[in-house]
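A quick write-up on the structure given underneath.
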Amino acid sequence: MAGCHAMLVWGGADSQPICLGSDVALGLHGALTSEQDGAVCATWNRLLEIDSVSLFPSIHPNEAYDGALWNVFELYHVQSCLVIPMKTEKCQRLGSFVVFSEKGPSSLRHRMEALKRHAYMAELAIEKHRQEHETKLLAQQDALTGMLNRRTFFEIFDILLDEARRKDGHLSVLLIDLDRFKEVNDSWGHIVGDKVIQVIARRLIDSARETDLLARLGGDEFVVILPDTDMLGANQRAEQILERIKEPFDLESTYRFRVTASLGTSTFPMDGTDANSLLINADAAMYFAKSLGRNRRESSRPQIRQSFIDRQTISREIDAALENGEFSLFYQPQVDADGCLRSCEALIRWNHPKRGFLLPSAFIPVAESTGKIVEVGEWVIREVCRQVREWLDHDQSPVRVAINISPSQFGHRLPEVLRKYLDEYGLGPEWIEIEITETLLFEHEHTALFVLTDIKAHGLQITLDDFGTGYSSFGFLRKFPVDAVKIDRSFVNDCETSSGRSIVSAMLSMCQHLGLPVVVEGVETKAQHDFLVNEGATLLQGYLYSRPLDAKTYTRVITEEGGVKPMLV
Ligand code: C2E
Ligand code: CA
Ligand code: CA
């Protein structure tokens, strides 16, 4: 169409009009694509506002026309103009299809239908382009935080590594994992958990430099890649990030939160030359930071790497052990002041195919840190229930069995798991007792009361284990529904000294005042026994009476030796 110029206009993200495409022959094109001229800009905004197909027949300085439109039309010799608004299927405004003519309106009017079809085609094209753009962005993003997702992160990470290699430079990796985040989710629910993740992600984004690469790798784990940064630089940034993360914040203006994180760093090229090994080493350092008490940073080092590899190996082997029946339970008797068997504690052992017989200290901490303890713990509960059932079926007069529960095994599911196996083996709650530690109560302060009350409502007994070693406060004894207290064996060792004895008597007398029975573990000598009985200990456990026994030997003790009867002294 001679003398006609078409142009697509749409609103940009900053709501400045953008010219998508225009006919270069039109002088306006230059004005549009160069720096914004105030009059042109106003004109486009006006064109974008026009909501229905509109033909401006003859442009005269007329009150009816917009001043801005008129100025531009006059400037570029536009005689008439057709504006066709472009919309998405859902009627969202996409922009305007505008045709300017250097002649009167009749040529535009004649070709109206054809021009509408052109506008429609343009509409489809823009819509498709927009959708593709959005899909691409979504595919690169983590929906919760807007950070890069794993896949895109690895793509860019490889590019940055190539660059570091080429420049013979450094690059550091910071791996950040929030501390006790499971606790936030368990106590406040996932919606609040997600909000906390968003706040932390925002802080990481805000404290990043333009060249940094950030991503959420999943759950509460973030990674920051610092190009051109050596170990010292990485440590500095790590400190800043940890400081920023632990600043308190309010959610829904009701709750004040404060989260901390553990952070591991690794640096190219000394800690690894590819993405995978750098991340594994940063991960190992991060776990090491957690094991040292959390809320701190650690850099990758060879020893850390080795212990990490060992951990990974044990963690894999635990799966096989559960499958191949390599775990077994030993039972250690608990006796009363007269030496009569009253209850026992189930203690796990691992008959490892290569490393032989393993005590819990060789694998429980790893199982706890990798989360494997949940399955191992469930196996213990089930095995105890199965064993008690067997003893009952064979009239072997069992006594109640205490089961150790790890912090990471503790949660809403625990009461359900306990009930499930008691039901499965047709046992009443009087056969099981759980041992929890003060550390567990401390870590699960918000959920503990709820979970323990649920467990108690089903008639199971709860003993507070390792009493005196942790955050130890008698406040816990009042706050939580515990039935008994178990004084840790370290205090019994100290009974040789008079100050040690004073501490134990003070603990015993305090518990008596609270009406709580006290179990004392680690009793090894007759002198300790006499002292403890004299001070009012209710139950005693230790090598003096019996070591932990395998199921077969323990079964002989409860049957052949006649069940509940004096074992000693
Ligand atoms: P714990 O709950 O404090 O268990 C008591 C530990 O003291 C047991 O060690 C027991 O063998 C040991 N012991 C008992 N009497 C004496 C004594 O007179 N002298 C000395 N020196 N030690 C004594 P064990 O069996 O090595 O278990 C160590 C820890 O492993 C346990 O400490 C417990 O925290 C954990 N554990 C054991 N079995 C399980 C389990 O099934 N699940 C979980 N989550 N943890 C377990
Ligand atoms: Ca115990
Ligand atoms: Ca203990």
Side-chain angles (χ1 to χ4, degrees), residues 172-188 192-193 195-201 203-204 207 216-224 231 234-249 251 255-266 279-301 303-305 307-308 310-312 314-315 361 364-374 405-411 436-448 466 469-473 476:
S172 288
V173 177
L174 310 185
L175 205 94
I176 304 156
D177 191 281
L178 302 187
D179 295 330
R180 307 188 207 281
F181 186 68
K182 187 175 170 292
E183 167 79 344
V184 174
N185 265 339
D186 284 354
S187 342
W188 301 95
V192 172
K195 286 189 177 152
V196 171
I197 296 270
Q198 284 169 330
V199 169
I200 301 301
R203 289 182 173 184
L204 290 174
S207 61
R216 182 164 80 117
L217 290 183
D220 58 340
E221 197 174 77
F222 299 92
V223 63
V224 183
M231 193 179 112
N235 287 348
Q236 264 172 15
R237 288 293 303 282
E239 292 288 344
Q240 288 163 1
I241 287 179
L242 290 182
E243 284 302 311
R244 182 84 183 91
I245 289 178
K246 70 179 178 210
E247 285 168 21
F249 57 92
L251 276 190
Y255 307 112
R256 174 138 277 219
F257 282 82
R258 182 175 177 268
V259 289
T260 60
S262 299
L263 195 157
T265 69
S266 65
L279 276 174
I280 286 179
N281 288 330
D283 203 26
M286 187 274 289
Y287 269 105
F288 189 59
K290 288 229 186 241
S291 72
L292 292 181
R294 306 181 174 96
N295 184 23
R296 55 184 293 150
R297 62 161 178 87
E298 284 296 323
S299 310
S300 173
R301 268 174 279 148
Q303 309 91 297
I304 296 182
R305 276 173 237 162
S307 76
F308 187 71
D310 294 347
R311 254 173 50 99
Q312 305 278 72
I314 294 179
S315 164
S361 54
I364 290 288
V366 175
E368 281 176 341
S369 67
T370 55
K372 283 269 151 31
I373 193 70
V374 177
I405 302 293
S406 285
S408 29
Q409 196 188 341
F410 191 83
I436 54 165
T437 60
E438 292 170 302
T439 320
L440 179 150
L441 291 183
F442 188 78
E443 287 184 9
H444 292 264
E445 221 182 324
H446 300 296
T447 40
D466 294 350
T469 57
Y471 306 87
S472 207
S473 85
F476 277 153

Exercise for review: Starting from the C-alpha separation in whole Å, work towards a yes-or-no answer on side-chain contact (heavy atoms from CB on, under 4.5 Å) for Leu175 and Leu217.
Suggested key: CA-CA 9 Å; Leu175 205 94; Leu217 290 183; 4.0 Å; yes

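- Rounding to the nearest 0.5 angstrom, the gap separating the CD1 atom in Ile373 from the OG atom in Ser406 is 3.5 Å.
- In terms of heavy atoms, Val366 sits closest to Ser315 at CG1-N, 4.4 Å.
- Interatomic distance, Thr439 OG1 to Phe410 CZ, rounded to the nearest 0.5 Å: 12.5 Å.
- The nearest pair of heavy atoms linking Phe222 to Ala201 is CE2-CB, 4.0 Å.
- Partner of Ile176 under the side-chain contact (heavy atoms from CB on, under 4.5 Å) criterion, chosen from Asp220, Val223, Leu204: Leu204.
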Practice item. Apply side-chain contact (heavy atoms from CB on, under 4.5 Å) to the pair Phe257 and Lys195, showing each step before the final yes or no. Key: CA-CA 11 Å; Phe257 282 82; Lys195 286 189 177 152; over 6 Å; no

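- Of all the heavy atoms in Ile304 and Ser307, the pair that sits closest is O-OG, 3.1 Å.
- With Asp177 as the fixed residue, the salt bridge (Lys or Arg N to Asp or Glu O under 4.0 Å) test singles out one of Lys182, Arg216, Lys290, Arg296: Lys290.
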Practice item. Begin from the C-alpha positions of Asp179 and Thr260 and carry the test side-chain hydrogen bond (donor to acceptor under 3.5 Å, both in side chains) through to its verdict. Key: CA-CA 6 Å; Asp179 295 330; Thr260 60; 2.7 Å; yes

Check your understanding: So Asn281 and Phe308, side-chain contact (heavy atoms from CB on, under 4.5 Å) or not? Walk me through it.
Key -> CA-CA 9 Å; Asn281 288 330; Phe308 187 71; over 6 Å; no

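- If you take CD1 on Ile280 and CZ on Arg305, they are separated by 11.0 Å, rounding to the nearest 0.5 Å.
- Side-chain atoms of Arg203 and Val199, non-hydrogen and from C-beta on, do get closer than 4.5 Å to each other.
- Arg297 contributes no side-chain N or O that, together with a main-chain N or O of Ile241, makes up a donor-acceptor pair within less than 3.5 Å.
- Smallest separation of non-hydrogen atoms from Ser262 and Asn295: OG-N, 3.5 Å.
- For the pair Ile245 and Ala261, the tightest heavy-atom approach, listed with the atom from each and the gap, is CD1-CB, 3.9 Å.
- Between Leu441 and Ala448, the shortest heavy-atom contact is CD2-CB, 3.9 Å.
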Check your understanding: Yes or no on side-chain contact (heavy atoms from CB on, under 4.5 Å) for Val184 and Leu178, after CA distance, side-chain angles and deciding distance?
Key -> CA-CA 10 Å; Val184 174; Leu178 302 187; over 6 Å; no

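- Here Thr447 contributes atom OG1 and Asp186 contributes atom CG; the two are 6.0 Å apart, rounded to the nearest 0.5 Å.
- If you take CE on Met286 and OG on Ser291, they are separated by 10.5 Å, rounding to the nearest 0.5 Å.
- Taking CG from Leu174 and OG1 from Thr265, the interatomic distance works out to 6.5 Å, rounded to the nearest 0.5 Å.
- Contact annotation: the side chain of Ile200 never approaches that of Ile197 to less than 4.5 Å [non-hydrogen atoms, C-beta and beyond].
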